[in-house]
Amino acid sequence: MSEKLRKRALRVVGAKQVLRVLRENAAECVFLAMDASPALRGPIEAAAREQGVAVEFIASMQELGERCRVEVPSAAAASLKATDGGVSP
């Protein structure tokens, strides 16, 4: 799991980006911080479950940001599906 989050080309970070890749059916797995606002977590979790995308919970936004190798806490991240032409946008 951690490797998927560390590779920049294979993931997106942030609630808006995660919702975008879910709408595009490009998410392989969604990661949500347990201490993120329910107003952020709820729609992302619902969209992921509706599409049959696995959801993994991380203890805190700080930990999720660190796992993604970004300098700020993150509420959500997603690993992307691989495509024939490389990686999904």
Side-chain angles (χ1 to χ4, degrees):
M1 183 269 305
S2 292
E3 278 306 307
K4 289 181 181 180
L5 289 177
R6 291 173 193 240
K7 295 181 181 181
R8 287 180 182 230
L10 300 177
R11 55 114 170 117
V12 295
V13 179
K16 288 181 184 178
Q17 288 77 10
V18 171
L19 282 170
R20 178 181 57 83
V21 297
L22 283 167
R23 281 193 305 269
E24 296 171 356
N25 196 29
E28 178 181 52
C29 184
V30 169
F31 303 89
L32 292 172
M34 291 299 296
D35 63 345
S37 163
L40 283 175
R41 277 195 338 253
I44 295 170
E45 185 175 2
R49 299 238 187 254
E50 183 177 299
Q51 290 191 13
V53 174
V55 177
E56 290 190 31
F57 293 95
I58 306 299
S60 70
M61 292 172 54
Q62 183 68 37
E63 182 180 348
L64 183 55
E66 289 171 5
R67 288 187 186 195
C68 292
R69 293 185 178 176
V70 296
E71 295 182 12
V72 295
S74 301
S79 59
L80 303 176
K81 294 177 182 176
T83 63
D84 292 337
V87 176
S88 299

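Starting from 1, each residue takes its place in the sequence as its number. Bear in mind the structure is a predicted one, so any value in this text is a computation, not a measurement.
Under the 4.5 Å side-chain heavy-atom criterion for Ile, Leu, Val, Met, Phe, Trp and Tyr, I58 and M61 are members of distinct hydrophobic clusters. Under the 4.5 Å side-chain heavy-atom criterion for ILVMFWY residues, no single connected hydrophobic cluster contains both V18 and L40.
Across all their heavy atoms, A78 and V21 have their closest contact at CB-CG2, 4.1 Å. In terms of heavy-atom proximity, R49 sits nearest to V55 at NH2-CB, 4.0 Å. The two residues A33 and S74 have their closest heavy-atom pair at CB-O, 3.7 Å.
C68 SG to E63 CD: the interatomic distance, rounded to the nearest 0.5 Å, is 10.5 Å. Remark: L64 CG to E56 CD distance equals 10.5 Å, nearest 0.5 Å. Atom CG of L32 and atom CD of E45 lie 6.5 Å apart (nearest 0.5 Å).
Between D35 and Q62, every side-chain heavy-atom pair lies at or beyond the 4.5 Å cut-off. Two residues are said to be in side-chain contact when any heavy atoms from C-beta on lie closer than 4.5 Å; L10 and S79 fail this criterion. Two residues are said to be in side-chain contact when any heavy atoms from C-beta on lie closer than 4.5 Å; Q17 and V13 fail this criterion.
Between the side chain of Q51 and the backbone N or O of L22, at least one donor-acceptor pair lies under 3.5 Å.
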